[in-house]
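If you're wondering where the values come from, they're calculated on a predicted model, not measured in any experiment.
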Number of protein chains: 2
Amino acid sequence: MSVQERKQRERAERERLIVATARELAEQQGWDAVTTRRLAERIEYSQPVLYSHFRGKREIIGAVALQGATEMAVAMRAATAAADGPRARVHALARAYLAFAERNPAVYDAIFQLDGGLAYAREDTPEPLKDAFAALLESLGEVAGDGVEPGLFTEVFWASLHGVTTLTRSGRLPPEETERRVRLLVDRLPVV
Amino acid sequence: MSVQERKQRERAERERLIVATARELAEQQGWDAVTTRRLAERIEYSQPVLYSHFRGKREIIGAVALQGATEMAVAMRAATAAADGPRARVHALARAYLAFAERNPAVYDAIFQLDGGLAYAREDTPEPLKDAFAALLESLGEVAGDGVEPGLFTEVFWASLHGVTTLTRSGRLPPEETERRVRLLVDRLPVV
DNA sequence: CTTCGTTGTCTAGCGGTGCTAGGGTCGAGT
DNA sequence: ACTCGACCCTAGCACCGCTAGACAACGAAG
């Protein structure tokens with residue numbers, strides 16, 4: 001028994017190592033640099049070991065996405081907890097969202113851009129993703145306004161933040177004005 | 001002279017063929033399926049011929065993006081021309097934007113997601129991209145509201161549409177509610 | 001009309017990718 | 001002490017973007 005348990009522990013530890021290494025490599029050099037060979041070399045195992053933990057590269061991205069979503073939810077809740085009043089909460093939320101994306105671009109991509117094989121917006125959506133959306137909903141739902149479903153409002157505000165994030169990071173929007181763009185969204189979309 | 005001219009014509013014709021074929025293949029099977037080998041086979045030339053027209057795959061994506069941006073500007077202007085009043089124009093614009101993205105997903109990606117080696121938001125930005133932004137600006141600038149630069153407002157509205165588009169297409173937002181999301185943006189962001 | 005040189009295209013190949021088949025090693029359980 | 005199964009590695013597949021170098025076709029010059 002004890003031997004099996006030790007092996008299971010070691011296996012789980014190695015899986016964490018894979019995910020952490022993939023994330024690290026992605027943040028350092030971008031997801032294109034995360035190849036199965038490089039990843040295998042960094043964890044000091046051969047390539048096929050990766051496939052005994054994950055079906056393929058896609059699932060590794062998915063694992064990073066789930067980890068990231070959990071952290072992002074925490075970050076957003078921490079930011080909104082300190083804010084006073086609905087609009088201030090929304091503002092704090094938006095800034096936290098953009099800050100997370102800027103500090104963890106590769107993780108952000110794993111969650112919101114890349115294909116990690118995850119189900120979104122469904123019943124079988126993984127808990128971390130649901131929870132990240134819930135974190136958005138907690139602050140945005142209260143400013144949806146009459147006749148607008150909180151969920152729908154949250155989706156729209158989220159999409160706007162996502163658009164600003166991705167267009168800015170790909171060089172399609174000049175980064176200097178980000179704060180003014182956010183203020184415009186926070187001023188106009190919510191109903192307080 | 002005439003011989004050289006004929007060769008130039010043929011060369012230009014072949015370049016159009018490459019771009020059209022890349023676009024077609026991308027729309028049919030996605031950009032991942034657009035490999036230099038497949039593309040070469042479809043135009044019935046060898047791979048190196050592609051490299052006598054474009055520096056690499058990236059530039060081919062860029063060429064598709066420019067072509068698409070031109071078409072998109074035309075589509076948006078056509079949609080807004082028929083609309084009556086500022087808010088109706090914005091609504092028509094938004095619907096035209098999303099319709100273009102839905103009908104030409106690969107082209108949309110070439111313009112707004114992939115790296116086509118193009119400069120955005122700068123003086124040396126290619127004319128088609130500037131013009132597509134100008135088409136947005138024409139309808140959105142007039143509803144920016146007091147104290148908000150038309151350009152900034154356009155960027156924000158555009159980013160919101162982009163967010164809705166990409167999140168929906170990647171399965172992160174359920175597609176059924178798109179129309180309601182657009183209406184929310186059109187109701188709240190502009191100042192009429 | 002022949003020769004030369006340029007222009008254009010092709011074949012072949014480089015180093016990389018994600019992924020997998022199959023063999024060998026090593027250690028746990030009898 | 002031996003068997004057997006779990007585990008991991010080497011090697012290789014088919015594909016990728018891209019390029020070097022051979023070769024053919026053709027206009028210009030003698």
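- If you check every strand for non-hydrogen atoms under 4.0 Å, B:Arg38 touches sugar and phosphate atoms only.
- A:Gln29 has its CD atom 11 Å from the P atom of C:dT17, to the nearest Å.
- B:Arg172 and B:Ser170 share a side-chain donor-acceptor pair at under 3.5 Å.
- Counting any heavy atom pair closer than 4.0 Å across all strands shown, B:Thr35 reaches sugar-phosphate atoms only and no base atom.
- If you take CG of A:Asp32 and C1' of D:dC16, they are 12 Å apart, rounded to a whole angstrom.
- Between B:Lys57 atom NZ and D:dC16 atom C1' the separation is 8 Å, expressed in whole Å.
- Atoms NE2 (B:His53) and C1' (D:dC18) sit 16 Å apart, rounded to a whole Å.
- Place B:Thr36 and A:Arg37 on DNA chain D by their nearest nucleotides, and A:Arg37 ends up nearer the 5' end.
- When every heavy atom of B:Met76 is checked against every heavy atom of B:Ala135, the shortest pair comes out as CE-CB, 4.0 Å.
- For B:Leu39 and D:dC16, the CG to P distance is 11 Å, given to the nearest whole Å.
- Minimum heavy-atom separation, A:Val34 to A:Ala22: CG2-O, 3.8 Å.
- Counting non-hydrogen atoms under 4.0 angstrom, B:Arg58 reaches nothing in the nucleic acid.
- Cluster membership check: A:Ile60 shares its hydrophobic cluster with A:Leu25, using side-chain heavy-atom separations under 4.5 Å among Ile, Leu, Val, Met, Phe, Trp and Tyr.
- The CD1 atom of B:Ile18 sits 13 Å away from the C1' atom of C:dT9 (whole-angstrom rounding).
- We find that CD of B:Glu41 is positioned 12 Å from P of C:dT11, with the value rounded to whole Å.
- Separating the CD atom of A:Glu44 from the P atom of D:dC9 is a distance of 11 Å, rounded to the nearest angstrom.
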Check: protein-nucleotides 19-23 of chain D nitrogen or oxygen pairs below 3.5 Å:
none

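- For the residue pair A:Tyr45 and A:His53, no side-chain donor N or O sits within less than 3.5 Å of a side-chain acceptor on the partner.
- For A:Tyr120 and A:Phe133, the gap between ring centers reaches or exceeds 6.0 Å.
- Electrostatic pairing of B:Asp109 and B:Arg169 counts as a salt bridge here, judged by a charged N lying under 4.0 Å from a carboxylate O.
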